[in-house]
Each structure stands twice: as C-alpha cells, then as structure tokens.
Protein chains: 2
Amino acid sequence: MNPADDHNLHARLMAGAAPDSPLYKEVKRLLTQTIQAGEWKPGTAIPSERQLSARFHVAVGTLRKAVDELVQERILIRQQGRGTFVSAHNRDRMMFHFFHIQREDGDKPAPDVEMLSFKTGRADDEEAARLGIGVGDRVFRIANVLSLAGDRIIFDRISIAKALFPGMTAAQFKNRPSTIYHLYQSAFGITVVRSAERLRAVRADPEVAQLLDVAKGAPLLEIRRVALTFHDQPVEYRRSLVDTEHHEYFSDLAKS
Amino acid sequence: MNPADDHNLHARLMAGAAPDSPLYKEVKRLLTQTIQAGEWKPGTAIPSERQLSARFHVAVGTLRKAVDELVQERILIRQQGRGTFVSAHNRDRMMFHFFHIQREDGDKPAPDVEMLSFKTGRADDEEAARLGIGVGDRVFRIANVLSLAGDRIIFDRISIAKALFPGMTAAQFKNRPSTIYHLYQSAFGITVVRSAERLRAVRADPEVAQLLDVAKGAPLLEIRRVALTFHDQPVEYRRSLVDTEHHEYFSDLAKS
DNA sequence: AAGTGGTCTAGACCACCAT
DNA sequence: TGGTGGTCTAGACCACTTA
C-alpha cells in the first residue's frame with residue numbers, strides 16, 4: 001500500500017483533522033479525545049498498542065509515536081509488560097509535578113492542608129483573566145494553610161470557576177481522601193495536566209504574618225499558579241505565600 | 001540479519017557500554033562523545049542521518065531515536081531540508097532557556113549586563129559544594145548588574161572554577177560579543193546544557209538596595225542557579241537578587 | 001504460556017531547502 | 001535536481017508481567 005494514499009485517506013476520514021497534519025498527530029488527537037470523553041478512566045489501562053493500531057488503521061510505529069507524546073505530557077503512563085494507563089492524580093504525582101517547595105536541606109516532606117475558609121463570590125479582573133471567564137462570573141474561593149513537618153509554611157488562596165465545579169461543597173473539599181487535584185479529577189472529571197507559575201518577593205501583611213508566624217513585613221515568596229487541563233484550558237488560579245526562611249522553591253527545568 | 005545478534009555484537013564492540021543498554025542509547029553516547037571531543041563544532045552540521053547510520057552500523061530509525069533525545073535535550077537542533085546542527089549558545093537560546101525574568105505585563109526585554117567586579121579567590125563551602133570542587137580551590141567571582149529597559153533590576157554574583165576556565169580575564173568577560181554562556185562555549189569549550197534553580201524571598205541589604213535603587217530591607221527574589229554541562233557536571237554557580245516590584249520570575253514547566 | 005510494551009530493522013515516500 | 005530531515009509501514013524479536 002502506498003503510505004501517502006493511506007495518509008490522505010485517513011486525513012479525510014478523521015473529522016476535525018488539520019490540513020497536512022501528520023497521521024500520528026491525528027491519532028494523538030483521537031486518543032486525547034477518547035480519554036476526555038471518559039471512555040478510558042484515569043487509573044485504568046487503555047487497549048494494547050496492537051489493538052489500537054488496528055482500531056485506527058495505522059502501523060504500530062505510528063500509534064507508538066502518538067502515545068510517546070502523550071506519555072511525555074504525562075497524560076498516559078507506560079508500564080512494560082502491564083500496559084498503558086491513563087494517569088490518575090495521586091499524592092506522588094502532585095508532589096513530583098506540582099509541589100515545588102522543599103526544605104533548605106533538600107528534604108521534601110508532603111504538606112498537611114488545613115482549610116481556613118470556603119466561600120463563593122464573583123470573579124474580579126485578575127481571576128477572570130487567569131481563569132478565562134467573565135468578570136463577575138461565580139467562583140469558589142478556598143483559603144488553606146499548608147504545614148511542612150508541623151510548621152505553617154504556605155498560605156494558599158485558590159480560585160476556581162463555579163461553572164467548572166458545579167455543586168462543590170466545603171465538606172467535599174475538606175474531607176477529600178487524597179490531593180486537591182485528585183478531587184477535581186474524581187468528582188468533577190477535570191484532569192490538571194500542567195501548570196504555569198509566576199513568582200515574586202513580597203512583604204508579609206499583618207494577617208498572613210500572624211498566620212505563618214513571621215514578622216510583619218517579612219519577605220515572602222509569592223507564587224501565582226494557573227493550573228491547566230487539556231488544550232491549555234485554565235482550571236484553577238492559586239496564589240501562594242511561602243515563608244522561605246528555611247524552605248525554598250526549586251525549578252529543575254529541562255530535565256523531565 | 002537477526003536484530004538481537006546485531007545488538008549483542010555492537011554492545012560488545014562499543015567500549016564503555018552499559019550491560020543490556022539499548023543500542024540507541026549507545027549511539028547517543030557515541031554522538032555526545034563525538035561532540036564533546038570537538039569533532040563537530042557548535043553551530044555546524046553533523047553528518048546526515050543516513051551517513052551516521054552507516055558509520056555506526058545501525059538502522060536509520062535507531063539513529064533517529066538517539067538524535068531525538070539529543071534534540072530534546074537541546075544539544076542538537078534539527079532543521080528539515082538543511083541538516084542537524086550542534087546547538088550554539090546565542091542570545092535567543094539564553095533568553096528562552098536560561099533567563100526567566102519578565103516584566104509583569106509579560107514583555108521580555110533582553111538584559112544589559114554591566115560588570116562591577118572580576119576577582120579571583122578561594123572556594124568557600126557553598127561554592128565548593130555547588131561546583132563540585134574542593135574548599136579552597138581557586139575560583140573566579142564576577143559581579144554584574146543587569147538592566148531591563150534601562151532599569152537596574154538584577155544583581156548577579158557568578159562563581160566559576162578557575163580550573164575549568166584557565167586564563168579567563170576581566171577584559172574577556174567584559175568585552176564578550178555575545179552572552180556569557182557563549183563565552184564559556186567559544187573560548188573555553190564548555191557548553192551549558194541545562195540549569196537547576198532554587199528560589200527564596202530575602203531582604204535587600206544596604207549595598208544591594210542602593211545598587212538596585214530599592215528601600216533597605218525591601219523584599220528581593222533570590223535565585224541560586226547551578227549551570228550544568230554534559231553528564232550533569234556543574235560549571236557555574238550564580239546567585240541573583242531580583243527586584244520583583246514590576247518584574248516576575250516565570251516557570252512554565254512540563255511544556256517543553 | 002500468553003500478552004504487554006520496548007527495541008531494531010529495512011525500505012518507501014513526503015516536505016523542505018539549497019543549488 | 002539532489003540532499004536533508006519527517007512520516008509511515010510491516011514485521012521480527014526482546015524484556016517484563018501476570019496467571
């Protein structure tokens with residue numbers, strides 16, 4: 001068979017295909033779509049590469065190239081001999097990919113989260129811009145204090161669109177068995193796949209100073225994170241204030 | 001030919017090969033080695049994939065898999081129709097991969113570097129640990145102020161091992177035509193391939209406050225970066241203090 | 001033993017660039 | 001036109017897991 005003909009054939013068959021897009025990109029799009037549609041649930045195995053290559057009428061190598069990219073984006077996880085799995089949000093994943101604070105000696109304890117408040121409100125300019133919603137749209141605002149090895153180190157303010165998390169309750173948030181992103185995934189079907197963070201140094205205002213037990217005006221590290229799901233759609237806007245007296249933020253770029 | 005036999009054959013032929021290491025990893029090692037040995041200079045094209053696959057007696061697909069990884073690590077750069085090139089340090093690369101400060105409006109001007117001092121000294125505990133050298137070993141220490149759009153925003157202190165940069169002079173550093181990493185590469189054959197950064201918020205001490213024109217005790221963002229060459233060997237330790245009043249550090253993880 | 005992902009081969013054709 | 005990287009195919013065998 002002529003590979004070019006095959007390419008064109010499928011390009012025509014696949015709805016929404018970009019013109020001249022490589023076949024493996026189309027396959028990747030179909031895989032992503034199938035995951036988003038819920039046909040394969042987080043934590044479960046997708047069909048084998050041989051089965052999928054038959055289903056999409058492509059060679060195994062082409063299928064593998066599509067899966068390769070999704071594995072790199074941490075949407076899929078390969079395990080030799082076992083299968084390929086839709087990645088689920090658990091504590092390990094959160095710690096590895098979304099929690100960038102460690103003790104100055106390099107030790108990286110998991111944080112204890114204590115919820116301070118859970119409120120509804122209307123998006124201000126910044127929330128609207130970061131979440132891609134309209135000013136005045138309804139949002140949930142959750143405030144937390146995170147402790148590392150018993151010490152209160154981080155003050156977190158989370159903003160999420162009510163439309164994306166319909167019916168979320170304070171109890172649901174407070175009593176979640178695992179991480180916050182696990183809650184988003186398991187209860188609302190929203191998978192956070194990556195985040196973008198911007199950092200600056202600020203002075204502690206009186207309330208936060210008391211909360212974190214630092215001097216008023218002490219320098220704190222402010223992290224503003226937008227968490228994104230598929231297609232870079234924003235899901236959560238989070239402002240964190242970190243006491244970096246004995247802790248630090250690490251950024252190990254370009255390795256993973 | 002039996003691919004397994006071929007694998008074993010080459011595994012035996014290749015000096016320094018790890019046991020049971022895939023063939024493409026060996027090819028990758030040979031490519032890296034050849035670059036480090038200087039057979040292919042930064043900015044120049046390496047032989048074509050077909051030529052290299054013949055040279056290493058592997059299929060083109062295997063050669064490509066090795067090159068794929070080096071491209072991802074930004075050691076090689078592919079250009080369709082032109083060839084594959086050993087990546088050279090230029091201003092664009094520095095801005096994209098090693099300079100993470102931008103204006104709060106998202107604009108990202110290139111910094112002007114003004115050298116304040118160039119001294120020799122002996123490594124203290126921290127320098128020794130970060131640079132992988134002995135306490136008391138000779139180091140160069142260079143202090144710079146970086147301006148963005150005319151405003152002094154960053155105070156930089158660089159420490160490098162004298163042994164790695166023999167005969168470096170202040171003039172060489174001050175009059176370099178391009179970036180600092182370009183100087184390391186072109187004059188000393190040292191290519192920085194990635195960096196690891198740790199951040200915290202600190203108070204401006206009086207000297208730095210004057211230098212950056214901020215209030216004494218104002219919060220500054222401290223960045224401690226270790227720049228690494230091949231095999232994660234440390235090359236440079238840099239402490240930066242950033243005025244984040246109107247600028248911010250960005251960390252767009254997991255995209256590239 | 002059967003099934004999965006991981007490696008490797010060999011070769012075709014396409015897209016792009018320089019000449 | 002000739003050379004380069006980019007895509008795709010088809011199939012073999014290896015490494016690993018599970019039952």
Side-chain angles (χ1 to χ4, degrees), chain A residues 1-11 13-14 17-31 40 44-72 76-87, chain B residues 1-11 13-14 17-31 40 44-72 76-87:
Chain A
M1 171 164 47
N2 183 328
D5 292 347
D6 193 48
H7 175 297
N8 292 330
L9 173 68
H10 285 88
L13 286 176
M14 291 171 185
D20 290 328
S21 170
L23 187 49
Y24 78 91
K25 289 282 188 187
E26 306 298 346
V27 173
K28 181 184 174 187
R29 199 179 54 76
L30 288 171
L31 290 170
W40 304 319
T44 66
I46 69 175
S48 74
E49 297 180 343
R50 285 163 181 81
Q51 288 174 324
L52 287 172
S53 65
R55 170 164 166 180
F56 296 136
H57 303 98
V58 299
V60 181
T62 303
L63 188 279
R64 273 187 71 81
K65 191 156 180 178
V67 172
D68 279 344
E69 292 200 351
L70 291 170
V71 166
Q72 202 167 4
L76 294 177
I77 296 173
R78 283 212 188 93
Q79 289 183 248
Q80 188 175 17
R82 303 216 321 125
T84 302
F85 300 79
V86 181
S87 84
Chain B
M1 170 165 47
N2 183 328
D5 291 347
D6 193 47
H7 175 298
N8 292 330
L9 172 69
H10 285 89
L13 286 176
M14 290 173 187
D20 291 329
S21 171
L23 186 49
Y24 78 90
K25 289 282 187 187
E26 306 298 346
V27 173
K28 182 185 174 187
R29 199 179 53 77
L30 289 172
L31 290 171
W40 305 318
T44 66
I46 69 175
S48 75
E49 296 181 344
R50 285 163 181 81
Q51 287 173 323
L52 287 172
S53 66
R55 169 163 166 180
F56 296 136
H57 303 100
V58 298
V60 180
T62 302
L63 188 279
R64 273 188 72 81
K65 192 157 180 177
V67 172
D68 279 344
E69 292 201 351
L70 291 170
V71 167
Q72 202 167 3
L76 293 177
I77 296 172
R78 282 212 188 91
Q79 289 184 247
Q80 189 175 11
R82 302 217 318 126
T84 302
F85 301 79
V86 180
S87 84

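A note on names: the letters A, B, ... follow the listed sequences, proteins ahead of strands, and every chain is numbered from 1.
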Tell me, do B/Leu23 and B/Phe56 make a side-chain contact under 4.5 Å, heavy atoms counted? no
Out of D/dC8, C/dG5, C/dC8, whichever nucleotide has its closest atom nearest the side chain of A/Arg64: C/dG5
Tell me: CG of B/Leu76 to P of D/dG5, nearest whole Å? 11 Å
Taking for each residue the nucleotide of DNA chain C with the nearest heavy atom, is it A/Asp68 or A/Gly81 whose nucleotide lies nearer the 5' end? A/Gly81
Could you give the CG-to-P distance, from A/Leu63 to C/dG5, as a whole number of Å? 9 Å
Rounded to whole Å, CD of B/Glu49 lies from C1' of C/dA10 at a distance of 15 Å
Flag side-chain contact, heavy atom, 4.5 Å: A/Val86 against A/Leu76: yes
Any B/Gln51 side-chain heavy atom under 4.5 Å of B/Ile46 side chain: no
A/Leu52 CG to C/dT4 P, in whole Å, measures 10 Å
Considering only heavy side-chain atoms of A/Gln80, the closest of C/dC8, C/dG5, D/dG5 is C/dG5
Compare side-chain N and O positions of A/Ser48 against OP1 and OP2 of C/dG3 and report whether any pair is under 4.0 Å apart. no
Could you state the CZ-C1' distance from B/Phe85 to D/dG5, rounded to the nearest angstrom? 11 Å
What is the separation between atom CD1 on B/Ile46 and atom P on D/dG3, rounded to the nearest whole Å? 18 Å
Tell me which of A/Arg82 and A/Thr62 sits closer to the 5' end of DNA chain D, going by the nucleotide each one is nearest to. A/Thr62
Rounded to the Å, how far apart are B/Tyr24 OH and D/dC14 C1'? 14 Å
Between D/dT9, C/dT9, D/dG5, which nucleotide gets closest to the side-chain atoms of A/Leu23? D/dT9
When you get a sec, tell me which of D/dG5, D/dT9, D/dC13 is the closest nucleotide to the side chain of A/Arg50? D/dC13
OP1 or OP2 of D/dT7 less than 4.0 angstrom from a side-chain nitrogen or oxygen of A/Lys65, does that happen here? yes
Is the closest side-chain heavy-atom distance between A/Arg50 and A/Leu63 below 4.5 Å? no
Do the side chains of A/Leu52 and A/Thr84 get nearer than 4.5 Å, heavy atoms only? no
Measure from CZ on A/Arg78 to P on D/dT17 and round the result to the nearest Å. 16 Å
